[in-house]
Amino acid sequence: MPLRFYNTLSQKVEEFAPLDGHTVRVYTCGPTVWNFVHIGNLRTFTSQDILRRWLQYRGYKLMHVMNITDVDDRIIQQAAAAGQPIGEYTARFTQAFFEDTGKVRLQQPELVCKATDHIDDMVRLIGQLGENGCTYESDGSVYFRIAKFPAYGKLSHTHFAGMKAGARVDSDRYDKDDARDFVLWKAKKEGEHYWDTPLGQGRPGWHIECSAMAMRYLGETLDIHAGGVDLVFPHHENEIAQSEASTGKPFVRFWMHTEHLMVESQTMSKSLGNFYTLRDLLEKGYAPEAVRYLLASVPYRKQLNFTFDGLRSAATAIERLRNYELRLKTSKLPEGMSAGIQERTRKAQAQFEAALDDDLNTAEALGAVFEYIRDTNTALDGGEFLAGNREGALDLLERFDSIFDVLRPAVSEHGLQDGEIEALVEERAQAKKTRNFARADDIRRKLLDQGVVLEDTREGTRWKRK
RNA sequence: GGCGCGGUAGCCAAGUGGUAAGGCAGAGGUCUGCAAAACCUUUAUCCGCGGGUUCGAUUCCCGCCCGCGCCUCCA
């Protein structure tokens, strides 16, 4: 079965291949840098990381562009409250964003672009829309006239036909001709950051930055545009309107939206006290890999119920994976190659790949890997897993980790050096030989205090950092 | 109200028109100086509820109940 993704536009799972056959042009809506990323943001970004990695696994080149929204109402407000220029305020959170996403091992997009660096592109795009007769000005602001774009609503599958224009006009927004119209350019307000442009003094509306930057770097038709489900309407709907009304071409082939994350079955919100940033979780002592695993383990189109129980489960599951890898690498195996095991490995890889090809079904992919681990652990116990099978199993793990990326422990702390650990392991082996178990246990305890776990096996003692 | 997603074991969660993956937790066992790791057995006669289609439905259709999201700037 070929690679296929659910497309919000068609509401169907469709076969995917990049337009030009080799390079996938992806645009994802990045963070608004007014605060630290929370785990809901991270869920979306993690699913996009899985997407990236899977496209690469399937041999495609990537041109992935992500924007940084570094000007919007909240930023202006918060920066003012902090008494800082917006650039200074956003720089701090932009840096924090990359620190945090790096900790959960998100690959960097090929290109990251900031809204404030692309004001000219936005102004040009708005100008083009003006030439096409899609805009109007009111009180110094420029609006997009939805009536000029009949396809409006095709992404969110909203039918505005029966809705009377103006019926839902918000009393605060009488400056618009139609309630659905949205702002492209906001007139300057006293004391707010503004740009001097042919459109007048002001700042861009929210939606225009994505259209402008996406088309600037990826062309008029993108392969994939992704974001959280909440962006379907109005953000992405408006992006389509702006882009297609300007170029007359389809803006995006595949729209992919990540479902939201819940916390203990409830909406995550500050008022409920269940709002967590990544930093909150790390401070509580959870490993970033566990966060990554948990966020990646539920397929992106399903709401993910985040619980601390789940986070601990994730950490234990990672332990199982790492134990298995350690066992594979350290076990002395009988010579030879088992055809049965080889076939089992091939099958596991096929299942793993089929699962991810099927709209990134990470849960099923994990199932395939764990099932394989249990089977081969049994074979290892029974002596049927032979030296010749080791490479295949390690290769499978490597393939798995090229997507999930949880096998390597976070930071190797500055504790004991390998040589020191090995010397102590050797000393303990001698103590055990002389049945000096007190000394042996003493060494094990001492190492455990340093985060090193010892495991005695038939072939001797192996160790790992916890 | 409109549009959309979902309701599967203690928790998380996959899945199929033919009789329920996987992870975590629990119980018992094997192994072990101890411990860990690992394995074995066990934990849903049943997939929100009620109808219908079918030889057969958790999987398709209809209705209902419940949770969640969006409906103008929230990933």
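Just so it is clear: chains get the letters A, B, ... in the order the sequence lines come, proteins before strands, and each one is counted from 1.
Here A:Lys432 does not reach the OP1 or OP2 of B:C34: none of its side-chain N or O atoms lies under 4.0 Å away. An OP1 or OP2 oxygen of B:C74 is reached within less than 4.0 angstrom by no side-chain nitrogen or oxygen of A:Thr32. Considering only side-chain N and O atoms, A:Thr378 lies under 4.0 angstrom from the phosphate OP1 or OP2 of B:C40. For the pair A:Arg301 and B:G4, the criterion of a side-chain N or O lying under 4.0 Å from OP1 or OP2 is not met. In terms of phosphate contacts, A:Asn305 brings a side-chain nitrogen or oxygen within less than 4.0 Å of OP1 or OP2 of B:C12. Considering only side-chain N and O atoms, A:Asn377 lies nowhere under 4.0 angstrom from the phosphate OP1 or OP2 of B:A37.
Using atom P as the reference point in both B:C11 and B:U19, the two lie 26 Å apart (nearest Å). Going from the P atom of B:G4 to that of B:C12 covers 27 Å, rounded to whole Å. Straight-line distance between the P atoms of B:G33 and B:C40: roughly 22 Å, to the nearest whole Å. Between B:U45 and B:U58, the two P atoms lie 13 Å apart (nearest whole Å). Spacing between B:C47 and B:A9 at atom P, rounded to whole Å, works out to 10 Å. Nucleotides B:A36 and B:G48 are separated by 39 Å at their P atoms, to the nearest Å. Taking atom P in both B:A35 and B:A27, one finds a spacing of 16 Å when rounded to whole Å. B:U59 and B:A21 have their C1' atoms separated by 15 Å, given to the nearest Å.
At most 12 non-hydrogen atoms from other residues, nucleotides or ligands lie less than 6.0 angstrom from NZ of A:Lys148. In this structure, A:Glu398 places its CD atom where only 12 or fewer heavy-atom neighbours from other residues, nucleotides or ligands lie under 6.0 Å away. Other residues, nucleotides and ligands place more than 12 heavy atoms under 6.0 Å from the CZ atom of A:Arg74.
Rounded to whole Å, the distance from CZ on A:Phe233 to P on B:C5 is 18 Å.
The aromatic ring of A:His260 sits over the base of B:A75, with ring centres less than 5.5 Å apart and planes tilted by under 30°.
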Original post:
Just by protein heavy atoms under 4.0 Å, how would nucleotides 18-32 of chain B read 5' to 3' in B, S and -?
Top reply: ---BSSSS-------

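Using a 4.0 Å cut-off between charged nitrogen and carboxylate oxygen, A:Asp49 and A:Arg53 count as a salt-bridge pair.
Remark: the backbone N or O of A:Trp34 is paired with a side-chain donor or acceptor of A:Tyr89 at under 3.5 angstrom. No donor-acceptor pair closer than 3.5 Å links the side chain of A:Asp375 to the backbone N or O of A:Tyr372.
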Original post:
Given A:Glu209 and A:Thr69, is the side-chain hydrogen bond (donor to acceptor under 3.5 Å, both in side chains) satisfied, shown in steps?
Top reply: CA-CA 8 Å; A:Glu209 64 174 270; A:Thr69 299; 3.0 Å; yes

**OP:** May I have the step-by-step check of side-chain hydrogen bond (donor to acceptor under 3.5 Å, both in side chains) for A:Tyr300 and A:Arg43, ending in yes or no?
**Re:** CA-CA 8 Å; A:Tyr300 76 97; A:Arg43 201 265 165 125; over 6 Å; no

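Nearer to the 5' terminus of RNA chain B, by closest-nucleotide assignment, is the contact made by A:Tyr6 (compared with the other of A:Tyr6 and A:Asn238). Each of A:Glu319 and A:Trp34 lies near RNA chain B, and the nucleotide nearest A:Glu319 is the one positioned closer to the 5' end.
Against RNA chain B, the stretch residues 434-447 of chain A makes heavy-atom approaches under 4.0 Å through A:Phe437, A:Asp441, A:Arg444.
Annotation: side chain of A:Trp255 is in contact with side chain of A:His225 (closest heavy-atom distance under 4.5 Å).
In this structure, of B:A14, B:C34, B:A75, it is B:A14 that holds the atom nearest to the side chain of A:Pro299. The side chain of A:Val183 lies closest to B:C73, out of B:C73, B:G15, B:A75. The A:Thr44 side chain lies nearest to B:A75 when the options are B:A35, B:C68, B:A75. Relative to the side chain of A:Val298, the nucleotides B:G6, B:C5, B:C12 differ in distance, and B:C12 lies closest.
Stems are defined here as 3 or more consecutive Watson-Crick or G-U wobble pairs with pairing distances under 3.5 Å; those involving RNA chain B are B:1-7 with B:65-71, B:10-12 with B:22-24, B:26-30 with B:38-42, B:48-52 with B:60-64.
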